[in-house]
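Quick note on labels: first sequence line is chain A, next is B, and so on, each numbered from 1. Note that this is a predicted model, so its numbers are computed, not measured.
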Protein chains: 2
Amino acid sequence: MVQFTGQLNNAFSALADDTRRGVLQRLGKREASITELAGDFDMTLTGMKKHVQVLEDAGLVVTEKVGRVRTCRLGTRKLHEEQAWIAQYQAMLEARYDRLEDFLERTRGGDE
Amino acid sequence: MVQFTGQLNNAFSALADDTRRGVLQRLGKREASITELAGDFDMTLTGMKKHVQVLEDAGLVVTEKVGRVRTCRLGTRKLHEEQAWIAQYQAMLEARYDRLEDFLERTRGGDE
DNA sequence: GGTAAACTGAACCATATGGTTCAGTATTGC
DNA sequence: GCAATACTGAACCATATGGTTCAGTTTACC
């Protein structure tokens, strides 16, 4: 099996934070510098830089420094694996529910 | 707006760990005691207890103690909000892509 | 050439996380 | 009643997280 788990860990933990989810939505509207993002989320440059770093490590954001400003944009990661994991989990829940239904059906048949 | 963000934080951070995702899949097959889970994941009882606590706080697992054994089962949380967040993010990416396409289309028309 | 802007890195801080051990407590079964 | 089982709680540990300040460095602009 490929090393999907590290990717899942990174992305899920990147998403487990208000500020970072906010930054993603903000970058959805328009690219932004660190300064802009720090302003929008009322945080120091250094603090925002760290969040951006986390998002970049998770592949959710790419940055490019030209001159003295670093521009942040949404990355290539589309959260397909994360979506797939959740979908598979839900399918499992469904299957369990079906088995329960089935069980109740058979039990009812036997009891009555 | 309702306080969805705390739920998202809890669930995403609960999912950002191999062991915990493993426990969820394990519990999908069959309910289990803390001892069983600790054995399956080669961890102390106390360690596993903490993971189960995190999952329980996120609503992904419910536990019930009868006699001296605490049985763990999958909870009621179906990750719909998390799935929705991801879907909305992907929709945003799509929309951006469409706008880009549109832009390129218009630019090409003007340039050629 | 000098000042301001934008970022960066190191250091620090408080708290959280993921694990352990150890010392209980409560239940079970002989 | 006693030993073993199953869990629990406190304490501890190392490292990570989310933030700060402060002291640079680089770039832009008058």
Side-chain angles (χ1 to χ4, degrees), chain A residues 3 5-27 30-73 75 82, chain B residues 3 5-27 30-73 75 82:
Chain A
Q3 198 72 357
T5 87
Q7 282 188 38
L8 285 175
N9 289 354
N10 275 350
F12 278 137
S13 102
L15 293 180
D17 180 277
D18 294 321
T19 303
R20 285 191 296 260
R21 287 196 306 275
V23 167
L24 290 178
Q25 302 207 241
R26 165 66 185 75
L27 292 180
R30 199 174 325 107
E31 62 183 30
S33 68
I34 303 280
T35 300
E36 277 179 273
L37 291 176
D40 289 353
F41 292 88
D42 193 31
M43 189 175 297
T44 58
L45 284 185
T46 313
M48 180 51 72
K49 178 83 183 319
K50 288 192 183 183
H51 281 302
V52 168
Q53 188 65 57
V54 171
L55 290 167
E56 202 165 6
D57 290 345
L60 293 166
V61 159
V62 290
T63 73
E64 180 201 9
K65 186 159 185 175
V66 32
R68 62 184 166 180
V69 21
R70 177 175 297 279
T71 301
C72 309
R73 299 184 187 82
E82 294 67 25
Chain B
Q3 199 73 358
T5 86
Q7 283 188 36
L8 285 174
N9 289 353
N10 276 349
F12 278 137
S13 102
L15 294 180
D17 181 276
D18 294 321
T19 303
R20 284 191 297 261
R21 286 196 307 275
V23 166
L24 290 178
Q25 302 207 241
R26 166 66 186 77
L27 292 179
R30 199 173 327 104
E31 62 183 29
S33 68
I34 303 281
T35 299
E36 278 178 272
L37 292 177
D40 289 352
F41 293 88
D42 194 32
M43 189 175 297
T44 59
L45 284 184
T46 313
M48 181 50 72
K49 178 86 184 319
K50 288 192 184 184
H51 280 302
V52 168
Q53 188 65 57
V54 171
L55 289 167
E56 202 166 7
D57 290 346
L60 293 166
V61 159
V62 289
T63 73
E64 181 200 8
K65 185 160 187 178
V66 30
R68 63 185 165 179
V69 20
R70 177 174 299 278
T71 301
C72 309
R73 299 185 187 83
E82 293 68 26

> With a 4.5 Å limit on heavy-atom distance, are the side chains of V61(A) and R73(A) in contact?
Replying inline: no
> With a 4.0 Å cut-off on heavy atoms, is S33(A) in touch with a base, just the backbone sugar-phosphate, or nothing at all?
Replying inline: sugar-phosphate
>> Can you tell me whether the side chain of T44(B) and the base of dG19(C) have a donor-acceptor pair closer than 3.5 Å?
In response: no
>> In whole Å, I'd like the distance from the CE atom of M48(A) to the P atom of dG9(C).
In response: 17 Å
> Start at the 5' end of DNA chain D and walk down; is the nucleotide closest to D17(A) or to T46(A) reached first?
Replying inline: D17(A)
>> Let me confirm one number: the CG-CG distance from L15(A) to L15(B), rounded to the nearest 0.5 Å.
In response: 10.0 Å
> Is a donor-acceptor contact shorter than 3.5 angstrom present between the side chain of R68(A) and the base of dA5(C)?
Replying inline: yes
> In whole angstroms, how far is the P atom of dT17(D) from the CG atom of N10(A)?
Replying inline: 9 Å
>> Nearest whole Å is fine: how far is dT8(C) P from E64(A) CD?
In response: 13 Å
> If you find the nucleotide of DNA chain D closest to R70(B) and the one closest to V66(A), which residue's nucleotide is nearer the 5' end?
Replying inline: R70(B)
>> Side-chain N or O of R20(B) versus OP1/OP2 of dG18(C): is the shortest distance under 4.0 Å?
In response: yes
> Should V52(B) and R70(B) count as side-chain neighbours, where that means a heavy-atom distance under 4.5 Å?
Replying inline: no
>> How many whole angstroms separate atom CG of N9(A) from atom P of dT17(C)?
In response: 15 Å
> Taking OP1 and OP2 of dG18(D), is either one under 4.0 Å from a side-chain nitrogen or oxygen of K50(A)?
Replying inline: no
> Counting just side-chain N and O atoms, does K65(A) come under 4.0 Å of either OP1 or OP2 of dA6(C)?
Replying inline: no
>> Once you apply a heavy-atom cut-off of 4.0 Å, does L45(A) come out as touching a base, just sugar-phosphate, or nothing?
In response: base
> To the nearest angstrom, how far is K49(B) atom NZ from dT25(C) atom C1'?
Replying inline: 13 Å
>> Please report the distance, rounded to the nearest Å, between CG in D42(A) and C1' in dG19(D).
In response: 12 Å
>> Under 4.0 Å, counting only non-hydrogen atoms across every strand here, what does G47(B) touch: a base, just sugar-phosphate, or nothing?
In response: base
>> Apply side-chain contact (heavy atoms from CB on, under 4.5 Å) to residues T63(B) and C72(B) and explain how you reach the verdict.
In response: CA-CA 4 Å; T63(B) 73; C72(B) 309; 3.9 Å; yes
> Between dT17(C) atom P and F12(B) atom CZ, what is the distance in whole Å?
Replying inline: 17 Å
>> I'd like to know whether L27(B) forms a side-chain contact (heavy atoms from CB on, under 4.5 Å) with L37(B), so could you lay out the CA-CA distance, the side-chain angles of the two residues, the decisive distance to 0.1 Å, and finally the verdict.
In response: CA-CA 9 Å; L27(B) 292 179; L37(B) 292 177; 4.2 Å; yes
> Over how many whole Å does the gap from H51(B) atom NE2 to dT17(C) atom C1' extend?
Replying inline: 9 Å
